[in-house]
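Report on one structure; see the data block that follows.
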Amino acid sequence: MARTRGKDSLGPAKQQRGRRRRVVHVFTEGRVTEPDYIQIIRERGVYADPSLAVEVRIANSSAPGSQRKPIKLVEAAVQLMRDEARDAKRNGLKQEFWPQVWCLFDRDEHESIDAALKQAREGDVRVAFSHPCFEVWRLLHHKAVSGTFGGVCGQATARLPFAKDAANIKSVLPEQLVPGSYAEAKKRALKMNAAHGDHVPLVKRDPYTDVFSFVEDGLGITSY
């Protein structure tokens, strides 16, 4: 399967005659980690509906770092969602085939997280959020997570079993995702997330991740 990076200028999704298809546009905070992860699981994933072709486009693959802060991702994503919805209506697409637009970003030390989440909700953009960073989701594929990272991504990264041996820890390699590990990772994430009371704001839930929602609702993958 060809890697989905390369173009930021994307045309409207069109329903192909005789074939069910949906386009998913993804804005990622990271240049490497999230796109690598997406590529791997799309190659090995089991899909809830094999008859539905899901085309994934990394919408900001060439964006500079200044445009990768959560609020900037969401602003661009909301505009794209607005354009895609307009084109979908114009082309007469059934709503079930309308494009989705997602943002994957972390808490880290970013400002305006609450504003970004609110703007995404209002603009029909889905968000997969991790606190303090995406590495929490990677870690859950190997072990349960308890306690807090104090908002420091490096502490989560250091717990990865391959951290000391990886040439570039930001790169996700196929062997780092043990086959069949998704179900356990999701189970651990749900338990970890549930440890925070409903009264705790999302931006203060450390650790936290809901990347599994993107895997299932965005990519249509149920296991890998």
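Counting from 1, the numbers follow the sequence of the chain as shown. All heavy atoms count here, side chains included; hydrogens, waters and symmetry mates do not.
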In the single-linkage hydrophobic clustering (I, L, V, M, F, W, Y; side-chain heavy atoms under 4.5 Å), do Ile40 and Phe212 co-cluster?
yes

Please evaluate residues Glu43 and Gln39 with respect to the criterion side-chain hydrogen bond (donor to acceptor under 3.5 Å, both in side chains), reporting the C-alpha separation (whole Å), side-chain torsions for both, the decisive distance (0.1 Å), and the verdict.
CA-CA 6 Å; Glu43 290 175 346; Gln39 178 68 19; 2.8 Å; yes

Any ring-ring contact (aromatic ring centres under 6.0 Å, His included) involving residues 56-83? Give me the pairs, sequence neighbours left out, ordered by first then second residue.
none

For the residue pair Tyr208 and Phe129, categorise the inter-ring angle as parallel (less than 30°), tilted (30 to 60°) or perpendicular (more than 60°).
tilted

Heavy-atom side-chain contact between Pro132 and Asp206 under 4.5 Å:
yes

Would you say Asp49 and Arg20 make side-chain contact, with heavy atoms under 4.5 Å?
yes

Step through the shown structure and confirm whether more than 12 heavy atoms of other residues, nucleotides or ligands are within 6.0 Å of CD on Glu109.
no

Give a yes or no on whether Glu111 atom CD has more than 12 heavy-atom contacts from other residues, nucleotides or ligands under 6.0 Å away.
no

May I ask you to test the Glu135-Leu160 pair for a side-chain heavy-atom distance under 4.5 Å?
yes

Any side-chain heavy atom of Cys153 sitting closer than 4.5 Å to one from Thr157?
yes

Quick one: are Leu117 and Phe105 in side-chain contact, heavy atoms under 4.5 Å?
yes

Of the non-hydrogen atoms in Ala48 and Thr222, which two are nearest, and what is the gap between them?
CB-CG2, 3.5 Å

If hydrophobic clusters are built by linking Ile, Leu, Val, Met, Phe, Trp and Tyr wherever their side-chain heavy atoms come under 4.5 Å apart, do Leu173 and Tyr224 end up in the same one?
no

Are Val56 and Tyr47 co-members of a hydrophobic cluster defined by side-chain heavy atoms under 4.5 Å apart?
yes

Joint hydrophobic cluster, Met192 plus Leu190, side-chain heavy atoms closer than 4.5 Å:
yes

Scanning both residues in full, the closest heavy-atom pair of Gly30 with Arg68 reads O-NH1, 3.3 Å

Are Pro174 and Arg44 close enough that some pair of their side-chain heavy atoms sits under 4.5 Å apart?
yes

Please answer: with hydrophobic residues joined when any side-chain heavy atoms are less than 4.5 Å apart, are Phe162 and Val172 in the same cluster?
yes

Non-hydrogen side-chain atoms of Val211 and Phe134 separated by less than 4.5 Å
yes

Any donor-acceptor N/O pair, Thr33 side chain to Lys170 backbone, under 3.5 Å:
yes

Answer yes or no: is there a side-chain heavy-atom contact under 4.5 Å between Val215 and Tyr37?
yes

